[in-house]
Amino acid sequence: MDERGPDSNRAVPVFIALIALLTLAALYAPRFKPPTTVPKFVPSTRPVMPIVELWLSTADRRLKLAPQPDIEMSADGSLPADVVIDVHSKYQTMVGFGAAMTDSSAWLLQNKLNESQRDALLHELYGPPPNLNLNMMRLTIGASDFSLKPYTLDDVAFGESDPQLLHFNVASNVQDVIPMVREALSINPGLQIIASPWSAPAWMKSSQNLIGGALLEQYESTYVDYLVKYLDTYRSYGIPIFALTLQNEPNFVPITYPGMEMTATTRARIVTQYLGPKLASRRPKVGILEWDHNWNHPEQPSSVLADPDTARYIDGVAWHCYAGSPYAQSRVHRAYPQKDTYITECSGGDWASSINGELLWFTRNLLVTGTRQWARGVVYWNLALDENHGPHFGGCDACKGVVTIDSQTGTVTRNDEYYALAHFSRFVLPGAVRVTSTDTDADKGIANVAFQNAADGSIVLVMVNTNAEARRVSVAEGQARFEYTMPPQSVATFVWSPDRAVAWVRRAIWWLKRIQ
């Protein structure tokens, strides 16, 4: 029997808080003045240098977001350095990082974990640092390939139609998706949710089927009513939608799962005539994101944004990672700098290119390069899948989730994508701004990106060494600098506060949250 009283559990947090206060007192309290007969002490003019905290992961999985010894900066910031950080040169403000709560993910969480397992995992994923601190999510409006069956939210018998949407319902989401999203929101009320449809109801389509076909022009207004009804219904369940896309991957028509072609002309017409006006006065605001497809066709969103009548309703562009280069994001951003950029889907999987793991690819190509190319948020595909890459209906049969849930035991395995996301989501907080850092990817094979958090001014630098050998890297920020040898094929997150007192308080708060 545990004989400790409840007060003993509070002793450690109180002790740590006391240490933090004593540290501040030691740094800032007036010093005792000795008698005038003793020579006056002249304090050193040497500045107190920041301490750099470091977390490291290696592609061989030997280290997984492992804390490393702190690095003390030196006052040599004027010397040449590989990476020079300028916090006065700012770019986009970050919304965050996350993954999709697909039907498959929600079903696994609800049905293959017991209550304590589910609670622990959701807190680990959505809780504040040192948890993963995911604060973005994507939902599918109706079924995707990662659903147990095909459906939309207004299905009627073949040959019938429902232009008044009298049969609209979210019954298919009530048992798993809605409860899981609500639970995630209870842990992180600031969760930003993007919703995307894979198909309109079959009776609205040229194919009369969820698979294939295109939206009939006569139902474009009804389709928008369908999407707005989704927004209203989910809000009634306490689930606010941050942004909406008109169609998932509109330039691709799948043959094994729900999908629908939607040309740039159609998307522009629907936004201009129906969706834009309906959402314009909505409060709280729901953003409209154009495209929601791969990097290899930047001309598609560009052509939609070229029409000012359409562009005035569009808040940003959503991208997928399966073809092309993230540099397409900058191409569109340069042409339309007032529009935001998001990466809304990217999946890893058990395919030939991932035989040695995916930590480096996801960190370098998706997260580092994606954010350097203006992404305000990065959302992975499935949050969770089982050991058989499912359940799913058609589509990808080798995809992986951020985590894998064993369907027999409930055991959770954290995949490479988990650690790639964690190197950002735990440290780059919502509202952080990306700042200038020297691009060292091409010449040194070390990719990097830097941010400054709004709350405490702390600086976050993420670096990826894709080389097979260790590389020494020097970093300068202001008048401070440090050096570090990046291990072969590794990912490192460095965090420091220009004010050392803030760094101590930050460390104390981190420990307090960790033991609660």
Would Tyr380 and Phe362 count as a close aromatic pair, with their ring centres under 6.0 Å?
yes
Is it the case that the ring center of Phe97 lies less than 6.0 angstrom away from the ring center of Phe424?
yes
Between Thr152 and Asp155, does any side-chain donor sit less than 3.5 Å from a side-chain acceptor?
yes
Less than 3.5 Å apart, any donor N or O on the side chain of His423 or Thr493 sitting next to an acceptor on the other?
yes
Enumerate the salt bridge (charged side-chain N to carboxylate O under 4.0 Å, His left out) contacts for residues 366-387, please, sequence neighbours excluded, ordered by first and then second residue.
Asp340-Arg376
Enumerate the salt bridge (charged side-chain N to carboxylate O under 4.0 Å, His left out) contacts for residues 251-265, please, sequence neighbours excluded, ordered by first and then second residue.
none
Which residue pairs pass the salt bridge (charged side-chain N to carboxylate O under 4.0 Å, His left out) test with at least one member in residues 305-329, sequence neighbours excluded?
Lys285-Asp315
Glu115 CD: over 12 foreign heavy atoms closer than 6.0 Å
no
Looking only at side chains, do Tyr342 and Gln329 share a donor and an acceptor under 3.5 Å apart?
no
Check whether the side chains of Thr266 and Thr263 place a donor and an acceptor atom closer than 3.5 Å, and report yes or no.
yes
Under 3.5 Å, is there a donor on one side chain and an acceptor on the other for Thr272 and Thr310?
yes
Aromatic ring pairing His320/Tyr322, orientation class (parallel under 30°, perpendicular over 60°, tilted between):
perpendicular
Is the ring centre of Trp374 less than 6.0 Å from the ring centre of Tyr91?
yes
Judged by modelled atom types alone, do Asp162 and Tyr226 share a side-chain donor-acceptor pair under 3.5 Å?
no
Under the salt bridge (Lys or Arg N to Asp or Glu O under 4.0 Å) test, residues paired with Arg269 that sit two or more places apart
Glu217, Glu220
Arg138: partners by salt bridge (Lys or Arg N to Asp or Glu O under 4.0 Å), with sequence neighbours left out
Asp292, Glu345
Side-chain donor-acceptor contact under 3.5 Å, Thr245 with Ser196:
yes
Contacts of type salt bridge (Lys or Arg N to Asp or Glu O under 4.0 Å), residue Arg331, not counting sequence neighbours
none
Under 3.5 Å side-chain donor-acceptor pair for Lys400 and Ser347
no
Is it true that Trp203 and Tyr219 have ring centroids separated by less than 6.0 Å?
yes
Does Trp55 have its ring centroid less than 6.0 Å away from the ring centroid of Phe427?
yes
Crowding at CD, Gln164 (>12 non-hydrogen neighbours, <6.0 Å)
no
